[in-house]
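A short worksheet on the structure shown next.
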Amino acid sequence: MDIIFSGFFQRALLGGVMIGITAPLIGIFLVLRRLSMIGDTLSHAAIAGVALGFVIGDFPIIFGLLFSLLASFAIEKLRKSYKSYAELSLAIIMSGSIALASIFFTLGRDLSMDANSFLFGFIYTLTATDLWAMFAVTVAVLIIVGRHLHGLFLITFDEEAASVSGLPVSYYNVMISVLTALVISISIKIVGGLLVSALLTIPAACSLLLARSFKQSIITVVIVGELAVIAGLLIAGVWNLAAGGTIVLVLIAMLLLILLGRNIVSRVA
Amino acid sequence: MSIGTADCHRDVITVDSVSFSYQQKNVLSNVSFNVKERDFIGLIGTNGAGKTTMLRMIVGLLKPTSGEIRIFGEPISQFKEWNRIGYVPQKNALNPLFPATVKEVVLSGLVGKRKWFGAHSREDYNKCDDALMAMGVEDLADKRIGQLSGGQQQRVFLARALINNPSLLILDEPTVGIDHETQESFFHMIKHMHQHHNMTFLMVSHDMEMIKGYLGEQPASTAGKLNFYIRHSHETQDCVEQNLAHSLKHLRAQMASAKEGK
């Protein structure tokens, strides 16, 4: 129990509260636009970036961000070449990123870095600088999404109507990619590169089962995300489990509960 | 080639020797036409004739390979007043699980203005209510869009297109996948709007029956494999009279009385 009152755990909790807002908030737009796999692809690119950051020096977050940004532009380019086979671009970038990551990992062997920590999260090393970075990204996401909520809604619901309304659609697409890359690179320290996409997609999956309106679905994803991150971190802290994995399992448990509850309700009604 | 008949009306859409090719294939070559205020233009063509391409160029989704398109007299690249255009998409674009209410969809027609976290003004809500009333779907306002029937969804999309009181309404095969009876009432609504409102219509369709019934048996002009059927709504109104548009609020009442009068 004492662990909960320790400095590093409180830092993790504070960071968790911030990514519990941002990741699901961006994730709902990705899921509704059928881009759920983009989170997975960008987080693999971020892993490669983090690995390179460690090989060069001590700049994991910066390189993680840089790689996921590069990957998001590469995906857009490839998507245009393959048109209706757009998923192919995700598969290519994802395997390319894993290939790069594996090479960087072996290069960095002498630096005694722990591969597990990139893949599954390393909350015990969260620094004040990390928290400030998370705070900056959270504020940026809230301001941008808050300001452009109507535009984002229309572009998600009906991209053609959005362009006819005079919305700069390609500018919005770049904005969503950049925000996704930002959110992934701040989340990677808490949930880990392999699990980050769960925080983007599972809250959205829950909200699709519950929400009747777009407003409700935005509120639902944030509540689900926060509950899962806080509960997951507490459980992980008390029983000394891997934080990222626990958060994701809590998310999946919530999804199953919602599915079960819905089944019961529809049977009774 | 000018399609409009009345000279007192301004040009709404001008397509000037436009060509479009895609992967070295000519989809459209040297198409010119002119839509005047209060025209109703039916754009007909077989699959692959390029009607959707034409429409997408007019609304700025595609750039012509050569030639120029002007909307309300302005080149499309400089055109800014997009709220003057209402757009009704093809019905099959909708994902039935999408979490959005009818009201949210209709309000999304007002997207040009910036607001914080979904805050709409009282005026916005009034406009939304008027548009829903005019289309007779006010009872569905809080339903999820995916729960509605095809005909109801089409009315909702029409309400969204009308919320800004547009001067130009563009419809892209609006009745695909809708039963015959619903189609008829939909066209009745559109025809009424054309006759009594200061609105210009451009509709892509392959429903020849409706097009011929309202726009005449023969195309007024052709360009490649595209056929243009035109009807100009001029006879019922005086051109000098500026106050042609009446608010959406009265649209349904008028349509009801027009029906009774028959």
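Residue numbers start from 1 in every chain, and the chains themselves are labelled A, B, ... in the order their sequence lines are given, proteins ahead of strands.
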**Asked** Measuring from B:Ser108:OG to A:Leu167:CG, what's the distance to the nearest 0.5 Å?
**Response**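 Between B:Ser108 OG and A:Leu167 CG, I get 10.0 Å after rounding to 0.5 Å.
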**Spacing of NE2 belonging to A:His150 relative to NE2 belonging to B:His120, to within rounding of 0.5 Å** = 3.5 Å
**Prompt:** In terms of heavy-atom pairs under 4.5 Å, which option from A:Leu208, A:Ile28, A:Val164 contacts chain B the most?
**Reply:** A:Val164
**Prompt:** Does any heavy atom of chain B fall under 4.5 Å from the side chain of A:Ser213, the backbone, both, or neither of them?
**Reply:** both
**Message:** Is A:Thr156 close to chain B through its backbone or its side chain, or both, or neither, when contacts mean heavy atoms under 4.5 Å?
**Reply:**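 Interface part for A:Thr156: both.
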**Request:** Heavy atoms only, distances under 4.5 angstrom: which of B:Val88, B:Ile58, B:Leu61, B:Asp142 has the most pairs with chain A? Name it, please.
**Result:**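 Option with the top pair count is B:Leu61.
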**Item:** Heavy atoms of other groups near B:Lys191 NZ, more than 12 under 6.0 Å
**Value:**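 Check passes, neighbour count above 12.
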What part of [X] lies closer than 4.5 angstrom to a heavy atom of chain A: side chain, backbone, both or neither?
X: B:Glu81; answer: neither
X: B:Leu107; answer: neither
X: B:Leu97; answer: backbone
X: B:Arg84; answer: neither

**Message:** Taking A:Lys215's backbone N and O only, do any of them form a donor-acceptor pair with B:Glu104's side chain (distance below 3.5 Å, no angle check)?
**Reply:**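 Yes, the answer is positive, given that a donor and an acceptor are paired below the 3.5 Å cut-off.
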**Prompt:** Quick check: does any side chain N or O of B:Arg56 sit under 3.5 Å from a backbone N or O of A:Glu160, one acting as donor and the other as acceptor?
**Reply:**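 Absent.
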**Request:** Would you please classify the geometry between the A:Phe153 ring and the B:Phe98 ring as parallel, tilted or perpendicular, with 30° and 60° separating the classes?
**Result:**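 Answer is perpendicular, since the angle exceeds 60°.
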**Asked** So do the side chains of A:Phe157 and B:Val105 get within less than 4.5 Å of each other, counting heavy atoms only?
**Response**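 Heavy-atom side-chain distance check passes, below 4.5 Å.
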**Message:** Restricting to non-hydrogen atoms, name the atom on A:Asp158 and the atom on B:Arg160 that form the minimum distance, rounded to 0.1 Å.
**Reply:**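 Reported closest heavy-atom pair: OD2-NH2, 2.9 Å.
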